[in-house]
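Encoded as C-alpha cells, the structure appears first; notes follow it.
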There are 2 protein chains.
Amino acid sequence: MDAKRRKKLEAAGFRVGTVADFLELTVEEAALIDLKLSLGILVRSVRKRAKLSQQGLAGRLHSSQSRVAKLEAGDASVSLDLIVKAAFAAGAKKADLANAIVKRRRVAAG
Amino acid sequence: MDAKRRKKLEAAGFRVGTVADFLELTVEEAALIDLKLSLGILVRSVRKRAKLSQQGLAGRLHSSQSRVAKLEAGDASVSLDLIVKAAFAAGAKKADLANAIVKRRRVAAG
DNA sequence: TGCAGATATGTCGGATGTGACATAAGTTAG
DNA sequence: CTAACTTATGTCACATCCGACATATCTGCA
C-alpha cells in the first residue's frame with residue numbers, strides 16, 4: 001500500500017496494518033491458528049481412512065459429533081488439546097502429527 | 001504380574017491395570033501428556049538459546065512467569081495451546097515442533 | 001556469608017473451552 | 001421421491017485454564 005492511501009485511511013480513523021494486526025493477533029497466535037487448521041485437516045484424513053464417522057470418533061474421544069465437526073473445520077472455539085486428542089483417537093501417530101505440522105497447505109490466491 | 005497376586009489385590013478392592021488405567025486416562029490422553037512434556041522441554045531449550053528468562057518470555061507471550069514455569073515443567077494445568085504459543089514466542093519454528101514431537105525422551109528405568 | 005535474579009509452587013476470580021443438545025443441510029441408497 | 005446417515009452450526013450450563021499474585025527455593029557472585 002502506498003503512503004498516500006495509508007495516510008488517507010488513517011486520517012479517516014482506520015488503523016492500517018497486517019491482517020494479524022487487524023484481528024489483534026500476535027504472531028504466535030497466528031501460527032497457532034495455522035497449526036490448528038493443519039491438524040484439523042489431518043484428523044479428517046485419518047478419521048476417513050479409519051472409516052469412522054464424526055459420531056464414531058466422538059465416541060472414542062468421549063466428546064460429541066458437533067465438537068468433532070468444529071475441530072475439523074478449524075473452529076476457533078476448539079482447543080489444540082482436543083484436536084490432538086482427536087488425532088490420536090482416530091489412529092494418528094506422532095510422525096503423522098509432525099508431518100502435518102511442517103506440510104505446506106495451499107492458500108487461496110497464494 | 002502373575003494371576004495369583006492380581007486376584008488377591010482385586011479381592012481386596014483394588015483395580016489392577018496399567019498406570020493409565022489407574023489415572024483413568026484414555027490412551028490419547030496419555031499421548032497428549034507425553035506430547036506436552038516434549039514440547040515443554042522444547043520451550044525451555046529454545047528460550048535458553050534465545051537468552052530469555054521465564055519473565056522475559058512471559059512478556060512476549062502476554063502471560064506470567066509462573067505460567068511459563070509450569071508449562072516447561074509439564075504441569076497439568078497448562079493447555080497445549082499455551083505451550084505451542086510459548087514455543088513460537090521463544091522463536092521456535094514449525095520444524096522444531098515437529099522434531100520435538102517425534103524425538104524419543106529418556107525414560108526412568110526404561 | 002548476603003544479596004539479586006531466576007525459577008518453582010500454590011491459590012484465586014474471571015475468561016474460555018467443554019459436552020450435550022437441537023436442528024439445518026448435505027449425502028447415499030432403495 | 002423418502003429414509004437413514006452424516007456433517008454443519010448455534011446455544012448453554014458447567015468445567016477447566018487463564019493471568020496475576022504471593023512466596024519459597026535455587027543459583028551464582030561479590
Side-chain angles (χ1 to χ4, degrees), chain A residues 23-92, chain B residues 23-92:
Chain A
L23 295 172
E24 299 179 29
L25 295 175
T26 63
V27 290
E28 62 271 10
E29 281 167 341
L32 178 63
I33 288 175
D34 183 75
L35 206 121
K36 286 188 180 184
L37 264 175
S38 294
L39 293 180
I41 291 168
L42 172 72
V43 169
R44 171 154 296 180
S45 138
V46 175
R47 174 178 65 79
K48 296 221 161 173
R49 193 161 310 153
K51 306 279 186 197
L52 276 171
S53 65
Q54 292 181 344
Q55 190 76 246
L57 177 55
R60 291 196 188 180
L61 251 186
H62 305 295
S63 180
S64 59
Q65 178 267 326
S66 59
R67 283 267 135 220
V68 173
K70 283 162 187 167
L71 114 220
E72 291 184 353
D75 187 293
S77 84
V78 183
S79 73
L80 187 54
D81 296 62
L82 189 63
I83 299 173
V84 167
K85 271 192 268 183
F88 284 131
Chain B
L23 295 173
E24 299 178 28
L25 294 175
T26 63
V27 291
E28 61 272 10
E29 283 170 340
L32 178 63
I33 288 175
D34 183 74
L35 205 118
K36 286 187 182 185
L37 264 175
S38 295
L39 293 180
I41 291 168
L42 172 72
V43 169
R44 170 153 299 180
S45 139
V46 175
R47 175 177 65 80
K48 296 222 162 175
R49 193 161 310 153
K51 307 280 187 198
L52 276 172
S53 66
Q54 292 181 344
Q55 190 76 247
L57 177 55
R60 290 196 189 180
L61 252 185
H62 305 295
S63 180
S64 59
Q65 178 267 327
S66 60
R67 283 269 134 217
V68 173
K70 283 163 187 166
L71 115 219
E72 290 184 354
D75 187 294
S77 83
V78 183
S79 72
L80 187 54
D81 296 63
L82 189 62
I83 299 172
V84 168
K85 272 191 267 183
F88 284 131

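Chain naming here is simple, since letters A, B, ... match the order of the sequence lines and numbering starts at 1 in each. Reckoned from all heavy atoms, side chains included, excluding hydrogens, waters and symmetry mates. Because the structure is predicted, anything quoted here is derived from the model rather than measured.
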>> Quick check for you: to the nearest 0.5 Å, what is the distance between B/Leu39 atom CG and B/Ser45 atom OG?
In response: 11.5 Å
>> If I take atom CD in residue A/Gln55 and atom C1' in nucleotide D/dT7, what distance separates them, rounded to the nearest angstrom?
In response: 10 Å
> B/Ser64 and B/Ala58: which non-hydrogen atoms are nearest, and at how many Å?
Replying inline: C-CB, 3.4 Å
> Say you draw a straight line from OG of B/Ser77 to CG of B/Leu71; how long is it, rounded to the nearest 0.5 Å?
Replying inline: 9.5 Å
>> Looking at every heavy atom in both A/Phe88 and B/Leu32, which two are closest together, and how far apart are they?
In response: CE1-N, 4.2 Å
>> Between A/Arg60 and A/Leu52, is there a side-chain heavy-atom distance shorter than 4.5 Å?
In response: yes
> Got a sec? Which of residues 75-91 of chain B come in under 4.0 Å of DNA chain C, heavy atoms?
Replying inline: none
> In degrees rounded to 10°, what angle is found between the helical axes fit to the five outermost pairs at each end of the helix from C/dT1-D/dA30 to C/dG30-D/dC1?
Replying inline: 50°
> Which distance, rounded to the nearest 0.5 Å, do you find between the CD1 of A/Ile33 and the OG of A/Ser38?
Replying inline: 12.0 Å
>> Within the 4.0 Å limit for protein heavy atoms, which parts of nucleotides 20-30 of chain C are touched? Write it as a string from 5' to 3', B for base, S for sugar-phosphate only, - for none.
In response: BB---------
> Could you give the NZ-to-P distance, from A/Lys51 to D/dT6, as a whole number of Å?
Replying inline: 13 Å
> Using a heavy-atom distance cut-off of less than 4.0 Å, which residues of residues 38-47 of chain B contact DNA chain C?
Replying inline: B/Arg44, B/Arg47
> Separation of A/Glu72 atom CD from D/dA8 atom P, in whole Å?
Replying inline: 7 Å
>> Whole angstroms only, please: what is the CD-P distance between A/Glu29 and C/dA15?
In response: 17 Å
> If you round to the nearest 0.5 Å, how far is CD1 of B/Ile83 from NZ of B/Lys70?
Replying inline: 13.0 Å
> What is the minimum heavy-atom distance between B/Leu37 and B/Gly74, and which atoms define it?
Replying inline: CD2-CA, 4.3 Å
>> Using the side chain to side chain contact (heavy atoms under 4.5 Å, CB included) criterion, which residues pair with B/Ala69? Sequence neighbours excluded.
In response: B/Gln54, B/Gln65
>> I need the single residue from A/Lys48, A/Arg47, A/Arg67 that forms a salt bridge (charged side-chain N to carboxylate O under 4.0 Å, His left out) with A/Glu72. Which is it?
In response: A/Arg47
>> Could you tell me how far apart B/Gln54 (CD) and D/dC21 (P) are, to the nearest whole angstrom?
In response: 17 Å
>> For A/Val46, give me all partners under side chain to side chain contact (heavy atoms under 4.5 Å, CB included), at least two apart in sequence or on another chain.
In response: A/Leu42, A/Ala90, A/Ala92
>> So does A/Asp81 get a backbone contact from the side chain of B/Lys36, meaning a donor-acceptor N/O pair under 3.5 Å?
In response: no
>> Before you tell me yes or no, could you show the steps for B/Thr26 and A/Lys85 under side-chain contact (heavy atoms from CB on, under 4.5 Å), namely the whole-Å CA-CA distance, both residues' side-chain angles and the distance that decides it to 0.1 Å?
In response: CA-CA 9 Å; B/Thr26 63; A/Lys85 271 192 268 183; 5.6 Å; no
>> Distance check needed: C/dG17 P versus A/Ile33 CD1, whole Å only.
In response: 11 Å
